[in-house]
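What follows is a single structure, written as structure tokens, with notes after it.
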Amino acid sequence: GFGGPQIYTVNLSVFVLIGSMSTAFLAHYNAPKFYHQLRVRNPKTFFRATAGGYLLALLLYATGMVVGYLTFGQNCKGNILHNYSPRDLGATFCRMMIMLATC
């Protein structure tokens, strides 16, 4: 139907997705600190920890994108929480958690 999900539609908004994904997967300036905090410090252990973290982040981002798109279709906004009513308690809770995480 109108406004529903379309699998192979590409337009200029794909650049927003590319920007978001590239930001999500940037190398972190705290990498040396994280390496130092490993119990067993060697490149193999660091690679495993890093790969596991990136894989987990990828799965979480992909799940959020797919579920958001399947829920709202082409009417999906860049911040999925903007699609929900200000009266939605679950969305309000998520907004508050994001605010706490970014303070």
Side-chain angles (χ1 to χ4, degrees):
F2 182 75
Q6 294 184 358
I7 300 299
Y8 295 108
T9 299
V10 178
N11 57 33
L12 292 177
S13 65
V14 74
F15 293 109
V16 174
L17 172 64
I18 291 169
S20 296
M21 293 302 288
S22 67
T23 301
F25 292 101
L26 285 174
H28 201 279
Y29 64 89
N30 277 329
K33 178 181 176 182
F34 298 152
Y35 182 83
H36 181 71
Q37 292 176 345
L38 290 172
R39 279 187 223 134
V40 178
R41 283 187 287 270
N42 61 49
K44 186 176 182 179
T45 304
F46 185 67
F47 174 78
R48 285 183 180 168
T50 304
Y54 276 105
L55 180 61
L56 179 62
L58 175 64
L59 292 173
L60 290 172
Y61 274 99
T63 301
M65 289 187 312
V66 169
V67 170
Y69 188 70
L70 291 176
T71 301
F72 298 107
Q74 290 185 323
N75 298 316
C76 187
K77 297 180 181 174
N79 180 340
I80 196 69
L81 293 175
H82 292 171
N83 286 89
Y84 290 95
S85 166
R87 296 179 183 180
D88 185 295
L89 293 179
T92 299
F93 176 76
C94 290
R95 289 182 189 105
M96 289 176 15
M97 293 299 103
I98 290 172
M99 181 184 73
L100 289 174
T102 56
C103 290

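Here the structure is a predicted model, which means the values were calculated and not measured.
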Quiz item: Would you say the side-chain atoms of T92 pair up with the backbone N or O of P86, donor to acceptor, closer than 3.5 Å?
Solution: yes
Quiz item: What pairs of residues pass the side chain to side chain donor-acceptor pair (under 3.5 Å) test when at least one of them lies in residues 39-51, not counting sequence neighbours?
Solution: N42-T45
Quiz item: Is it the case that one hydrophobic cluster holds both L58 and M65, taking links as side-chain heavy atoms less than 4.5 Å apart, direct or via other members?
Solution: yes
Donor-acceptor pairs under 3.5 Å, side chain of residues 94-103 to any protein atom, not counting sequence neighbours: which ones?
residue	atom	partner	partner atom	Å
R95	NH2	L81	O	2.6
R95	NH2	Y84	O	3.2
T102	OG1	I98	O	3.0
T102	OG1	M99	O	3.2

Exercise. Could you tell me which non-hydrogen atom of G90 sits nearest to which non-hydrogen atom of D88, and how far apart they are?
Key: N-OD1, 3.0 Å
Quiz item: For the atom pair CZ (F46) and NE2 (H36), what is the distance rounded to the nearest 0.5 Å?
Solution: 13.0 Å
